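Remember, predicted model here, so these are calculated numbers, not experimental data.
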Amino acid sequence: MNFPRDSFTLNVGGAKYSFSQEAIKDFPLRRVSRLHDCCSEKDVLEVCDDYDRERNEYFFDRHSEAFGFIMMYVKYGKLRFVPQMCELSFYNEMIYWGLERSQLEFCCQRRLDDRMSDTYTYLSDESKPDESCNVNEEAQQVAEGNKWLERMRRTFEEPTSSLAAQILAVVSILFVIVSMVVLCASTLPDWKTAENRSVEEHRIIEAICIGWFTAECIVRFIVSKDKCEFVKRPLNIIDLMAITPYYVSVLMTILTGENPQLQRAGVTLRVLRMMRIFWVIKLARHFIGLQTLGLTLKRCYREMVMLLVFICVAMAIFGALSQLLEHGLDLETRNEDYSSIPAACWWVIISMTTVGYGDMYPISVPGRILGGMCVVSGIVLLALPITFIYHSFVQCYHELKFKSARYGRSLSNEYLN
């Protein structure tokens, strides 16, 4: 079948583009250039969605605005994302037309990498049913076993994935609260007196809580998909840091006994016992707010570093100037609070953050003027990166809410069944 070759018209989502034969032959988009070699209507329909032979018009049921940005890349050589369009959706359009990720501008590549890393878990979960469609009977039995392990894993890792997961999360939260109450109460002055009369109930409670946390950690390790990845996760590392000190302190108590001469061992035991405060971070498994905070800090580490650099530079400048004005110029009325630059840096940091403890303050007129400049500059410098961190926090919160809602639907089905 022969097709007219004088001109080609592409109709992409209602937007029309006309090209000459030579332009189509060497077109940068592979899908469009394939039209030049089509010799039959069947070949054409393998490339596009529909074809009008009379007008030599090829129809593509794709995003017209995204194709417009892709055509800007063909014309100007720069490919960027469409505003207000999902990065993954635009990337799908790029793949459809024959473009690669490396052809994006560097800033857009970073955005795409961040979005793909965030949604990798979702995409892999959704692709599982399609992968197991054409398996034999033996593979189906293996899939059933994997399904049970996956259900167990979600029960321990995703508090909203099922009714059993919610019950387990509530029990875990209760154990965390009880352990924190016992830890705080153990520092009260009257605790020793009560301890002697209570047959050390707090040690029994502590052992029960540690037993629960240990069993929970072991089960999650057994049902995890990748054992190495499990060990590398921050929350699992924190769990290990919270559990290990108890066993180390018990072992040291057994080995050293109550010998008062072993002061170093006593200090080590107190430090290890105080490390149980890490248990409170376990609540991040069950509360979206704490998860959002952790994810935001992970994504905004550049902004956090930038904030620390701003503060350090300002501390160096204002600390040196305040030490000079308050202590180094006037030998008769020296302000001893500013005897050194490190001491002045303490005043700078509490002034920039508008805390102002009042333990040290400038007394000279130039020092007070410098103090006002320090406070104003601190407000400005701290506000600049906070905007980026705030927007990232909102985005992370919505993403985690979406993930929680997805698992909430499976919980509703469990109630109905």
Side-chain angles (χ1 to χ4, degrees), residues 1-135 299 395 399 402 406:
M1 183 178 294
N2 296 323
F3 294 90
R5 299 295 185 181
D6 293 338
S7 64
F8 291 78
T9 301
L10 303 183
N11 190 323
V12 183
K16 296 183 179 181
Y17 303 86
S18 297
F19 305 96
S20 63
Q21 177 182 355
E22 294 299 325
I24 288 293
K25 182 179 179 181
D26 301 322
F27 206 75
L29 306 181
R30 288 196 298 267
R31 181 171 289 271
V32 178
S33 61
R34 286 169 55 190
L35 293 173
H36 184 272
D37 300 325
C38 293
C39 300
S40 64
E41 187 171 352
K42 180 180 178 181
D43 295 338
V44 171
L45 293 179
E46 289 180 356
V47 178
C48 62
D49 297 312
D50 201 359
Y51 169 69
D52 189 341
R53 184 180 179 185
E54 296 180 358
R55 295 181 295 178
N56 199 27
E57 186 172 353
Y58 302 86
F59 295 89
F60 295 87
D61 189 13
R62 308 299 298 185
H63 197 285
S64 58
E65 189 176 1
F67 185 74
F69 272 69
I70 292 175
M71 288 302 300
M72 290 177 63
Y73 164 73
V74 173
K75 186 175 181 180
Y76 300 107
K78 292 186 177 181
L79 182 59
R80 294 187 174 92
F81 286 129
V82 179
Q84 307 301 325
M85 182 177 181
C86 176
E87 291 86 353
L88 295 179
S89 299
F90 187 81
Y91 183 53
N92 288 333
E93 295 293 324
M94 289 173 52
I95 296 175
Y96 178 83
W97 293 109
L99 296 178
E100 298 179 356
R101 187 182 67 88
S102 59
Q103 293 169 294
L104 279 167
E105 292 295 300
F106 179 72
C107 57
C108 295
Q109 288 187 32
R110 284 180 51 191
R111 286 175 53 189
L112 179 62
D113 291 339
D114 293 340
R115 180 54 61 91
M116 291 182 70
S117 63
D118 296 338
T119 56
Y120 174 76
T121 304
Y122 306 152
L123 295 176
S124 60
D125 289 343
E126 292 175 358
S127 62
K128 286 176 185 175
D130 298 333
E131 295 173 358
S132 59
C133 291
N134 299 320
V135 293
R299 292 185 180 178
Q395 181 182 1
E399 290 178 6
F402 172 77
R406 251 185 55 176

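A donor-acceptor pair is defined here as one N or O able to donate and one able to accept, closer than 3.5 Å; no such pair exists between the side chain of N56 and the backbone of D52. Looking at E105, its side chain never comes within 3.5 Å of a backbone N or O of R80 through a donor-acceptor pair. Side-chain atoms of E87 never come within 3.5 Å of backbone atoms of F81 as a donor-acceptor pair (strictly under, hydrogens ignored).
Within the 4.5 Å cutoff, no side-chain heavy atoms of F59 are placed close to those of T9. Looking at heavy atoms from C-beta onward, M85 lies in side-chain contact with E93 at the 4.5 angstrom threshold. Counting only heavy atoms from C-beta outward, the side chains of L10 and L35 approach each other to under 4.5 Å. In this structure the side chain of K78 never reaches within 4.5 angstrom of the side chain of Y73, judged on heavy atoms.
Checked against the 6.0 Å centroid threshold, Y17 and F67 count as a close aromatic pair.
Here CZ of R111 is found 11.0 Å from CG of L88. Values are rounded to the nearest 0.5 Å. Distance CG/D50 to CG/L45: 7.0 Å, rounded to 0.5 Å. Here CZ of F90 is found 8.0 Å from CG of L99. Values are rounded to the nearest 0.5 Å. Note that CG of L112 is 11.5 Å distant from SG of C107, once rounded to the nearest 0.5 Å.
Between R34 and E46, the shortest heavy-atom contact is NH2-O, 4.2 Å. Closest non-hydrogen pair, M94 versus L79, comes out as CE-CD2, 3.8 Å. Here the closest non-hydrogen pair linking C48 and Y58 is SG-CD2, 4.0 Å. Closest of all the heavy-atom pairs between C38 and V44 is CB-CG2, 3.7 Å. Pairing each heavy atom of G13 with each of S64, the nearest pair is O-CB, 3.9 Å. In terms of heavy atoms, N11 sits closest to G14 at OD1-N, 3.0 Å.
Geometrically, R31 engages Y96 in a cation-pi contact, judged by NZ or CZ lying under 6.0 Å from the ring centre and within 45° of the ring axis.
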Run the side-chain contact (heavy atoms from CB on, under 4.5 Å) check on E41 and R53 step by step: do they pass?
-> CA-CA 9 Å; E41 187 171 352; R53 184 180 179 185; over 6 Å; no
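The closest side-chain donor-acceptor pair between S89 and N92, if any, does not fall under 3.5 angstrom. Side-chain contact annotation: D49 with Y51, donor-acceptor N/O pair under 3.5 Å absent.
Between W97 and F60, the angle of the ring planes lies from 30° to 60°, which puts this pair in the tilted group.
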